[in-house]
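Worksheet: the structure to be examined is printed underneath.
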Amino acid sequence: MEAALCAYLASVFAGPVEVLALRPLGGPDAEGRDPKGFGYGVPFEVECVVNGSVRNLVVARTRAVQGFGHDYPEDRAWQALYGHRAYNSFPAHVRSLDVGFMRESGELASAGDATEFFQLVEKADGALYWLDLERLLTESLRPLDVARARALGAFLARAHAIRREEPTLYERRIRELVGHGECLMGILDSYPHPYALLPPHVCEALEHDAVSWRWRLRGRAHRLACVHGDFHPWNLLFRDGTDFSVLDRSRGEWGEPADDVSALGINYLFFGLRRAALETRRGVAEPFVTLFDAFLEAYADGSKDRELFEVMPPFLAFRALVIGHPRWYPSLARRTREALFGFARALMAGGPLSADGVPGLLGGVA
């Protein structure tokens, strides 16, 4: 640790550094006078010689703790990145000299002058799954289309079979469904208010219902599973047959399985609404009801999830509000958008679903 720290400090100060002492800073009050018994940070003091001068520094680390929004390393990275900039823009605050990260090797690396971050990933071949669904707006169903829907359902069932006992992560996922900037309240905030199809009193009612759903669901931590978080047709690449790759996992590694099922399931209904609109009909047109049913049947066969339709409504409603959004999907027919908003309202105000009952909330099978 000391060698890695010396190398890191030498890179920060652009000169030789000798570490004289490492000391824990703060910690439990031996005499019991400090009423605060818990903190997020685990700081230690570094006494060192930098370019010939003795300096005393503090390395502040964020505790790896479950809950409080610090569950994942990425959360703790945000705390450090935020602190580096925020400390230095507030009067009389101690200054932050750098922000860094630790590699798996134990090496400490500087990220203090970073302004944006990027990710380097491998490229997968294939065609995005939404193109399959787009084709079916005007063409007939092929056996391969059903096989792909079933393959996706079976895949999710296998992924969700990986479970974890950690109630705070489940509570977090349910809380974020309601209040996260990318989820229900954030999506509603991003609508162009006032918006005639979704006026403020409807948004308020949706949010009230969402809070009610939060307290109905947050105690189901036994359902915590390995999830994708954004499992929709624009994040799925198919090659020959049912061979596919998945893109852009989002919003944490653990969550509610109904989130993934809803993310893909609603897109079958969405494309069914679009086909019905093209044919000047209302409701969800075939062959998309068949694909929706095939996907759910394969998922149910693999997961044996008897609670799915009890917990699915708020996740489906959130996805309906995303798809109905005029910024995300600007060219939708008015009747399609109205059907999605009515669907979201019915889901949030209602109770458990049944697979057969879902298309009925969108006007039935066209």
Side-chain angles (χ1 to χ4, degrees), residues 1-17 19 21-27 34 36 38-51 53-121 168-169 172-173 175-190 229-230 248-254 327:
M1 173 64 180
E2 187 171 321
L5 183 61
C6 280
Y8 163 70
L9 292 174
S11 71
V12 171
F13 293 111
V17 174
V19 173
L22 302 177
R23 291 183 286 268
L25 200 62
D34 189 346
K36 183 178 180 181
F38 177 80
Y40 298 133
V42 187
F44 63 90
E45 181 183 357
V46 182
E47 183 179 352
C48 57
V49 178
V50 179
N51 296 323
S53 299
V54 176
R55 298 191 63 169
N56 291 81
L57 311 171
V58 174
V59 176
R61 297 178 294 174
T62 301
R63 185 190 305 269
V65 63
Q66 293 304 127
F68 309 101
H70 296 170
D71 309 283
Y72 299 110
E74 296 78 14
D75 302 321
R76 301 188 287 276
W78 183 90
Q79 292 287 334
L81 291 166
Y82 163 79
H84 179 56
R85 295 191 181 279
Y87 287 13
N88 295 340
S89 62
F90 194 80
H93 203 292
V94 296
R95 292 195 59 76
S96 173
L97 301 175
D98 188 45
V99 60
F101 59 91
M102 180 180 290
R103 303 185 193 278
E104 287 189 9
S105 64
E107 176 191 358
L108 305 179
S110 172
D113 59 355
T115 56
E116 296 292 340
F117 294 83
F118 62 90
Q119 192 175 1
L120 182 66
V121 301
T168 57
L169 288 178
R172 172 178 177 155
R173 196 66 165 224
R175 181 175 70 246
E176 289 180 345
L177 168 67
V178 177
H180 194 281
E182 294 183 356
C183 294
L184 196 143
M185 286 186 176
I187 289 296
L188 288 177
D189 272 346
S190 70
D230 213 16
D248 294 343
R249 190 181 190 189
S250 301
R251 304 187 189 104
E253 301 167 44
W254 302 95
R327 182 188 299 177

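Treat the numbers as computed from the prediction; the structure is a model and nothing was measured. The first residue in the sequence is number 1, and the count goes up from there.
- Screening residues 82-105 for salt bridge (charged side-chain N to carboxylate O under 4.0 Å, His left out), with sequence neighbours left out, gives R103-E107.
- Taken to the nearest 0.5 Å, the CG atom of L108 stands 8.0 Å off from the CG atom of L9.
- Across all non-hydrogen atoms, the minimal contact from C6 to V19 is SG-CG2, 3.3 Å.
- The closest side-chain heavy-atom distance from N51 to P16 is below 4.5 Å.
- The two residues L5 and F44 have their closest heavy-atom pair at CD2-CE1, 4.4 Å.
- Without hydrogens or angle criteria, H84 side chain to G112 main chain gives a donor-acceptor distance under 3.5 Å.
- Within the 4.5 Å cutoff, no side-chain heavy atoms of V178 are placed close to those of L184.
- Across all their heavy atoms, W254 and Y72 have their closest contact at N-OH, 3.1 Å.
- For the side-chain hydrogen bond (donor to acceptor under 3.5 Å, both in side chains) test, residues two or more places apart in sequence or in another chain that qualify with D75 are R172.
- Contact detail for F13 and L97: the closest heavy-atom pair is CZ-CD1, 4.0 Å.
- In this structure, CD in E182 is found 11.0 Å from OG in S190, a value given to the nearest 0.5 Å.
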Discussion item. Apply side-chain contact (heavy atoms from CB on, under 4.5 Å) to residues N88 and H93 and explain how you reach the verdict.
Written reply: CA-CA 7 Å; N88 295 340; H93 203 292; over 6 Å; no

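- A 4.5 Å side-chain heavy-atom check between N56 and V46 finds every atom pair outside the cut-off.
- Distance OG/S96 to OH/Y82: 12.0 Å, rounded to 0.5 Å.
- To the nearest 0.5 angstrom, E45 atom CD is 4.0 Å from R23 atom CZ.
- At most 12 non-hydrogen atoms from other residues, nucleotides or ligands lie less than 6.0 angstrom from CZ of F90.
- The shortest non-hydrogen separation linking A4 to G106 is CB-O, 3.5 Å.
- D230 is linked by a side-chain contact (heavy atoms from CB on, under 4.5 Å) to H228, H232, N235, S250, R251, R319, counting only residues two or more places apart in sequence or in another chain.
- Without hydrogens or angle criteria, R55 side chain to V50 main chain gives no donor-acceptor distance under 3.5 Å.
- Note that the CZ atom of R173 and the CG atom of D71 stand 11.0 Å from one another [nearest 0.5 Å].
- Here SG of C48 is found 10.5 Å from CD of E2. Values are rounded to the nearest 0.5 Å.
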